Every structure is written in C-alpha cells, then in structure tokens.
Amino acid sequence: MTDQFTFKLLATDGGARRGKISMPRGNVRTPAFMPVGTGGTVKAMYLDQVRDLGSDIILGNTYHLMLRPGAERVARLGGLHDFARWPHPILTDSGGFQVMSLSGLRKLDERGVVFRSHIDGAKHEMSPERSIEIQGLLDSDIQMQLDECIALPAEPAEVQRAMELSLRWAERCKTAFGDQPGKAMFGIVQGGDVPELRVKSAQALNSMDLKGYAVGGLAVGEPQAVMLDMLSITCPELPENKPRYLMGVGTPDDILKSVARGIDMFDCVMPTRAGRHGLAYTRFGKINLKNARHADDPRPLDEESTCPAARDYSRAYLHHLVRSNEALGAMLLTWNNLAYYQSLMAEIRDGIASGKFVDMAARISEGWARGDI
Ligand SMILES: CNc1nc2c(CCNC[C@]34C[C@H]5C[C@H](C[C@H](C5)C3)C4)c3nc(N)[nH]c(=O)c3cc2[nH]1
C-alpha cells in the first residue's frame with residue numbers, strides 16, 4: 001500500500017516500456033488499456049467482470065456526470081468509487097473533448113468553455129479550475145487538465161493557438177490541483193500534426209514537472225501514419241520516469257504500434273461500442289456477427305479463450321442475438337471484446353518483460369491477417 005502516486009519503469013524493449021503506476025487505490029500495470037466508463041459504468045458490463053478481465057483502472061466521464069447526476073451529488077454520495085462500487089483507480093478526462101464534440105451552443109475563450117447541456121439545454125461554464133474541482137468532487141485518482149483538442153486537418157496557426165491556450169490552461173489546472181500526494185493531474189500535449197508545435201508543447205509541459213503526460217489532439221481524423229509520426233516526435237521529449245497516456249486510442253493495431261513508440265496507457269470506446277454493434281475483436285481479426293454467413297456456424301469465436309463469451313457460445317447464436325437486437329448480444333460481445341483487449345495488453349506486457357516485443361507484435365499482427373475466420 002502507498003499514500004503516494006508513483007511510476008516505476010520496470011523494463012524496456014526498443015521503444016516499448018513495461019511499468020507500474022502505484023496509487024493508494026491500487027496499482028496499474030503498463031502498458032494498460034483503460035475501459036471507458038460513461039456515467040460511472042462500463043456499458044453492458046458488471047464492473048466485477050471488468051475487473052476479472054484484468055482491468056486495473058477505468059475511465060469515468062466528467063462531462064456526463066457533471067450534467068447528470070451532478071458532481072456535487074456524487075460527492076455527497078461518497079465519490080465515484082463508492083457510487084459505482086469500483087474501489088480501484090479511476091481516471092477522468094477534463095470534459096473539454098466532449099464539450100467540443102457533444103454539446104450544442106458553445107463558446108471558448110481564455111476563461112474556459114461556455115456550453116449548453118445536450119440533455120436539458122442548461123448553460124454551463126467549464127473553466128480549468130472548475131474542471132479540476134469537478135474531477136476532485138468525483139474523487140478521481142488521475143485527473144486531466146482542461147485542454148482544447150482540435151480536429152485535423154487544421155491550419156498551423158489554429159493548431160498553435162489551441163496548443164498555446166492549452167499550455168496556459170495546464171498552468172491553471174496545476175495551480176488548482178495543488179498538492180494531492182496520492183493523486184495525479186496529467187498535462188496533455190497538443191500541437192496537431194505540426195512537429196515543432198508538438199515539441200514546444202511537450203517541452204513546456206515537461207518544465208511544469210507534472211506526475212504524468214497525455215498525448216492529445218490525435219485520433220481526431222488523421223491517418224494512422226500521421227498519428228504514429230507525432231508519437232515518434234513527442235515521446236522522446238517526455239520524461240521517461242513518468243507515465244504517457246495516448247488519449248482515445250485505439251484499435252489493437254494502433255495500440256501495438258503506439259506501445260512500440262513509448263506509450264504506456266490507452267483508452268478507447270472501440271471494444272465496448274463495437275460490442276454493442278455486433279462486432280467481435282478476436283486474435284484472428286474482427287468478426288461482424290451481423291453478417292448472414294454466421295447464421296449456421298456452430299463454432300465459438302475462439303475455443304482457446306478463457307472468456308466464456310468467446311469460448312462457450314456459437315457464432316450462430318451470437319448472430320441470432322445480434323440480429324434479434326437482444327441485450328445479451330451486446331453483453332456477450334462487449335465481454336468478449338474487453339477480454340480480448342486485456343489479453344492483448346497482458347501479452348504485450350509479457351513480450352516487453354521478456355525482450356520479445358517485436359517478435360510478439362509480428363506474430364499477433366499475422367494472426368489478424370489470417371483472413372477468413
Ligand atoms: C477518440 N479519439 C480521441 N479521443 C480523445 C480524447 C478523449 C479521450 N477519451 C476520454 C473519454 C471521451 C468520451 C468517451 C469516453 C468516456 C468519456 C467521454 C471520456 C472516453 C481527448 N481528450 C482530451 N482531453 N484531449 C484530447 O486531446 C483528446 C484527444 C482524443 N482523441
């Protein structure tokens with residue numbers, strides 16, 4: 001047990017890193033995939049299942065929880081861990097990304113973002129200080145600075161404006177967060193697809209001596225090659241003794257290639273959202289259970305999986321559930337997908353620890369390319 005937030009680099013293999021984050025609520029084995037919770041739940045899953053799959057940490061959802069049921073109410077009820085019965089670490093995003101993508105009317109200026117709730121149209125102001133206050137009310141263990149994430153492609157002048165605003169907001173978030181030994185506030189590197197802006201953002205955040213660093217402003221419409229190039233430019237500028245979190249990423253292939261460039265933490269709605277839409281992630285690649293070709297297939301998704309959803313149900317049954325829009329279809333495919341993602345992360349961690357990351361990554365990628373499954 002510890003009352004501090006610490007990161008320990010345990011092994012490296014090329015650019016890939018194996019580490020451990022220690023916090024009062026528990027440890028996070030990195031590279032880590034963080035299942036995405038929305039209103040304090042990972043959709044279509046019981047949190048005990050999420051834990052049993054090997055998830056050390058989940059994401060909470062600042063924007064949704066502040067609108068409903070309200071951050072002050074969650075605090076009155078003991079904070080998000082008690083509210084959702086998840087006693088392990090929780091990371092919360094600042095809410096800015098969603099305001100930019102979800103809410104209707106919104107105005108952004110030096111003070112922060114003013115927006116209307118997509119639920120009831122009520123007006124809300126989200127300043128850097130208010131975002132940190134909300135994340136504190138949720139009792140989040142890892143809090144993200146408020147930032148401005150812009151979609152790509154974008155004009156370099158616009159990328160620079162948003163990056164420099166985000167740096168000023170990082171300073172304000174650091175001040176608002178203050179000194180909370182068992183918790184962390186991560187800065188977010190911006191700079192779009194402009195190498196010199198990425199370096200400037202990373203170096204400025206580096207000098208703020210934060211407990212962890214996220215790489216933001218990616219997975220916003222750019223090709224994978226651009227995202228990977230930005231990682232190759234950004235990660236070397238970040239301290240190697242602090243965790244690095246690539247926000248919103250990604251597919252299994254994105255994750256393998258980003259780990260190779262020095263990323264430690266990932267979050268993505270893909271496995272959970274795809275599961276609700278009939279898509280199964282497996283070590284043989286993606287399988288769309290909506291497709292009629294599965295209607296008579298008695299095989300499970302993966303008879304060697306330890307996850308019952310992958311091992312014990314025929315593709316014909318899963319196809320039937322998905323086609324009939326049965327809740328069990330979403331439940332089983334979400335369970336399968338998170339189990340697959342966490343087994344991929346465990347294989348990645350073992351590969352780095354044994355110095356076999358490159359061979360392991362090649363073998364995994366060949367499995368996906370096997371074709372007809
Ligand atoms: C997909 N690509 C992408 N995502 C990104 C996110 C959100 C990360 N996921 C958190 C989130 C976002 C939504 C959906 C769930 C729950 C909750 C609301 C928190 C994950 C980002 N968040 C911030 N603050 N800044 C970014 O630059 C950024 C870039 C991203 N690029």
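Computed from a prediction, not measured in an experiment: that's the story for all the values here.
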D147 and Q190 side chains, donor-acceptor separation under 3.5 Å: yes

T2 (side chain) donor-acceptor with Q4 (main chain) under 3.5 angstrom: yes

Exercise: identify the closest heavy-atom pair between V249 and C268: C-CB, 3.7 Å

Heavy atoms of other groups near R161 CZ, more than 12 under 6.0 Å: yes

hydrophobic_cluster_shared for I21 and L91, side chain cutoff 4.5 Å: yes

CD (E303) with more than 12 external heavy atoms under 6.0 Å: no

Shortest non-hydrogen contact between R106 and V99, atoms and distance: CD-O, 3.4 Å

Heavy-atom donor-acceptor pair, D267 side chain to G248 backbone, under 3.5 Å: yes

Pair F177 + F186: ring centers closer than 6.0 Å: no

Side chains of V322 and L333 in contact at under 4.5 Å (non-hydrogen atoms): yes

ILVMFWY cluster, V220 and L228 together (side-chain gap under 4.5 Å): no

Connected via hydrophobic side-chain network under 4.5 Å: W335 and L344: yes

Exercise: do D254 and T251 side chains pair donor with acceptor under 3.5 Å: yes

Salt bridge (Lys or Arg N to Asp or Glu O under 4.0 Å) between R363 and D359, worked out: CA-CA 6 Å; R363 183 169 34 78; D359 296 348; over 6 Å; no

Heavy-atom check, side chain of P31 versus side chain of M265, under 4.5 Å: no

Atom CD of E155: over 12 foreign heavy atoms under 6.0 Å: no

Residue N241 excluded, over 12 heavy atoms near CG under 6.0 Å: yes

Separation of I142 CD1 from Q135 CD (nearest 0.5 Å): 11.0 Å

Neighbour count >12 (heavy atoms, 6.0 Å) for atom NZ, K20: no

Linked, directly or transitively: F97 and V189 (ILVMFWY side chains, under 4.5 Å): no

Residue pair R116, H124: steps toward the side-chain hydrogen bond (donor to acceptor under 3.5 Å, both in side chains) verdict: CA-CA 6 Å; R116 288 201 180 282; H124 291 264; over 6 Å; no

Minimum heavy-atom distance between L256 and S365, given as atom pair plus value: CD1-OG, 3.7 Å

OH on Y341 to CE on M270, rounded to 0.5 Å: 5.0 Å

Separation of Q342 CD from S55 OG (nearest 0.5 Å): 3.5 Å

Worked verdict on E72 versus R130 for salt bridge (Lys or Arg N to Asp or Glu O under 4.0 Å): CA-CA 12 Å; E72 281 75 8; R130 178 60 180 156; 3.2 Å; yes

Derivation and outcome, salt bridge (Lys or Arg N to Asp or Glu O under 4.0 Å), residues K242 and D209: CA-CA 10 Å; K242 304 287 181 66; D209 190 25; 3.1 Å; yes

Side-chain donor or acceptor of T62 paired with backbone N/O of D93 under 3.5 Å: yes

Sole candidate of T30, V259, L10 that passes side-chain contact (heavy atoms from CB on, under 4.5 Å) when paired with I352: V259

S232 and D229 side chains, donor-acceptor separation under 3.5 Å: no

Side-chain donor or acceptor of Q145 paired with backbone N/O of I188 under 3.5 Å: yes

Pair H64 + H118: ring centers closer than 6.0 Å: yes

Heavy-atom closest pair, residues E164 and K200: OE2-NZ, 2.9 Å

Side-chain (N337) to main-chain (L279) donor-acceptor, under 3.5 angstrom: yes

Rounded distance [0.5 Å steps], CD in E171 versus SG in C173: 10.0 Å

Any donor-acceptor pair under 3.5 Å from R323 side chain to K290 backbone: yes

Check: S94/S131 side-chain N/O donor and acceptor closer than 3.5 Å: no

Exceeds 12 heavy-atom contacts within 6.0 angstrom, atom CD of E240: no

Identified side chain to side chain donor-acceptor pair (under 3.5 Å) partner of D141 from the options K183, Q180, H81: H81

For I255 against F33, the heavy-atom pair lying closest together: CD1-CD1, 4.1 Å

Nearest non-hydrogen partners of F266 and I263, listed with the distance: CZ-CG2, 3.4 Å

Derivation of the side-chain hydrogen bond (donor to acceptor under 3.5 Å, both in side chains) call for S117 and D120: CA-CA 6 Å; S117 160; D120 61 8; 3.2 Å; yes

Close side-chain approach of I132 to L146, heavy-atom, < 4.5 Å: no

Whether D297 side chain and R299 backbone form a donor-acceptor pair below 3.5 Å: yes

Expected output: side-chain R73 to main-chain P69 donor-acceptor under 3.5 Å: yes

Close side-chain approach of N206 to L238, heavy-atom, < 4.5 Å: no

Donor-acceptor contact below 3.5 Å, side chain S354 vs main chain G351: yes

Flag, side chain of H294 to backbone of A316, donor-acceptor distance under 3.5 Å: no

Mutual orientation of the aromatic rings belonging to Y313 and Y317 [parallel < 30°, tilted 30-60°, perpendicular > 60°]: parallel

V215 reachable from I150 in the ILVMFWY side-chain graph, under 4.5 Å edges: yes

Ring pair (Phe, Tyr, Trp, His ring centres under 6.0 Å) evaluation trace for Y213 with Y245: CA-CA 6 Å; Y213 294 89; Y245 162 29; over 10 Å; no

Distance (rounded to the nearest 0.5 Å) between E196 CD and I233 CD1: 8.5 Å

Atom pair OH/SG of Y340 and C307 - distance to nearest 0.5 Å: 13.5 Å

Derivation and outcome, salt bridge (Lys or Arg N to Asp or Glu O under 4.0 Å), residues D302 and R283: CA-CA 8 Å; D302 182 353; R283 56 195 171 95; 2.6 Å; yes

